[in-house]
Visitor: 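What follows is a structure written as structure tokens; I'll ask about it next.
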Amino acid sequence: MSFAFNIILVLHFLGLASLIGGFLVQIKSSPRVVNNAMLHGALIQLVTGLLLVGLLYPLHDSDPEDYSLPNNAKIAVKLIVVLAVLVVLLMNRKKPEISSAIWGLIGVLSILNVIIAVFW
């Protein structure tokens, strides 16, 4: 099961790269849009994040020294942030152009999730 956990963790990181990469690639472009990389990256982050948390409980039961239980408060905050990102992305995905404020909000929330993951 630890192999499955590691594969899902890699997919989680790839979703992160896709989401933030899709955001960063538009720094100097105009018009800014919700691209597929951002949308699919956020969806991958959501699904793999839930799978990772779900796998931590049985992994902890089998090997408590290597796998600690997740901090549920942290996971709840990260879930709220990724859901907010997804709502903003879905509300703006069909628009031919998004404002700099919406584009910035997507980036700030995405990077906030990374900061929460690292520093909490």
Visitor: Of all heavy-atom pairs between Ser68 and Leu56, which one has the smallest distance, and what is that distance?
Guide: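 Looks like O-CD2, 3.9 Å.
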
Visitor: Please determine which of Val82, Val85, Leu19 meets the side-chain contact (heavy atoms from CB on, under 4.5 Å) test together with Asn113.
Guide: Val82

Visitor: According to a hydrophobic-cluster definition based on side-chain heavy atoms being under 4.5 Å apart (Ile, Leu, Val, Met, Phe, Trp, Tyr only), do Ile98 and Leu24 belong together?
Guide: yes

Visitor: CG/Asn71 to NZ/Lys78 distance, rounded to the nearest 0.5 angstrom?
Guide: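 Rounded to the nearest 0.5 Å, the CG-NZ separation comes to 11.5 Å.
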
Visitor: Could you walk me through whether Tyr67 and Ser2 pass the side chain to side chain contact (heavy atoms under 4.5 Å, CB included) test, one step at a time?
Guide: CA-CA 10 Å; Tyr67 298 98; Ser2 65; 2.9 Å; yes

Visitor: Give me the atom names and distance for the closest heavy-atom approach of Ile116 to Lys74.
Guide: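 That closest heavy-atom pairing would be O-CE, 3.6 Å.
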
Visitor: Count I, L, V, M, F, W, Y as connected when their side-chain heavy atoms are under 4.5 Å apart, and connections chain through other members. Are Leu16 and Phe119 then in the same cluster?
Guide: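 Yes; tracing contacts between hydrophobic side chains, which count when under 4.5 Å, links both residues.
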
Visitor: Would you call the rings of Trp103 and Phe23 parallel, tilted or perpendicular if under 30° counts as parallel and over 60° as perpendicular?
Guide: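 Correct class here is parallel.
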
Visitor: Any idea which heavy atoms bring Ala37 and Gly22 closest together, and the distance?
Guide: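 Reported closest heavy-atom pair: CB-CA, 4.1 Å.
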
Visitor: Got a second to check how far Leu52's CG is from Leu11's CG, nearest 0.5 Å?
Guide: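 Nearest 0.5 Å value for the CG-CG distance: 9.0 Å.
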
Visitor: Looking at every heavy atom in both Met38 and Gln26, which two are closest together, and how far apart are they?
Guide: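 It is SD-NE2, 3.4 Å.
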
Visitor: Look up atom CG in Leu50 and atom CD1 in Ile75, then write down how far apart they are to the nearest 0.5 Å.
Guide: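 Interatomic distance, Leu50 CG to Ile75 CD1, rounded to 0.5 Å: 9.0 Å.
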
Visitor: Do Ile44 and Leu83 share a hydrophobic cluster, counting only Ile, Leu, Val, Met, Phe, Trp and Tyr and linking them when any side-chain heavy atoms are less than 4.5 Å apart?
Guide: no

Visitor: Look at atom OH of Tyr57 and say whether more than 12 heavy atoms of other residues, nucleotides or ligands are closer to it than 6.0 Å.
Guide: yes

Visitor: Under a 4.5 Å side-chain heavy-atom rule over Ile, Leu, Val, Met, Phe, Trp and Tyr, are Ile80 and Leu105 clustered together?
Guide: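 No.
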
Visitor: If you group Ile, Leu, Val, Met, Phe, Trp and Tyr by side-chain heavy-atom gaps below 4.5 Å, do Ile7 and Met1 land in one group?
Guide: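 Cluster IDs for Ile7 and Met1 differ.
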
Visitor: The test is side chain to side chain contact (heavy atoms under 4.5 Å, CB included); show your working for Lys95 and Val34 and say whether it passes.
Guide: CA-CA 8 Å; Lys95 293 183 179 176; Val34 171; over 6 Å; no

Visitor: Ile106 and Asn92: side chain to side chain contact (heavy atoms under 4.5 Å, CB included), yes or no, with the steps?
Guide: CA-CA 11 Å; Ile106 293 166; Asn92 293 284; 5.9 Å; no

Visitor: Please report the closest heavy-atom contact between Pro70 and Val53, naming both atoms and the distance.
Guide: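 Answer, listing the atom of Pro70 first, then Val53: CG-CG1, 4.1 Å.
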
Visitor: State whether the side chain of Glu97 and the backbone N or O of Val33 hold a donor-acceptor pair below 3.5 Å, judged by distance alone.
Guide: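 Between the backbone of Val33 and the side chain of Glu97 there is no qualifying donor-acceptor contact (under 3.5 Å).
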
Visitor: Tell me, please, which residues at least two apart from Leu86 pass side-chain contact (heavy atoms from CB on, under 4.5 Å).
Guide: Leu39, Ala42, Leu43, Leu46

Visitor: Within the distance-only criterion (no hydrogens, no angle test), does the side chain of His40 pair as donor or acceptor with the backbone N or O of Asn36 below 3.5 angstrom?
Guide: yes

Visitor: So does Leu14 get a backbone contact from the side chain of Ser18, meaning a donor-acceptor N/O pair under 3.5 Å?
Guide: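 Answer holds: no.
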
Visitor: Looking only at heavy atoms, which two atoms of Ser100 and Arg32 are closest? And how far apart?
Guide: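 In terms of heavy atoms, the two residues are closest at OG-NH1, 3.1 Å.
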
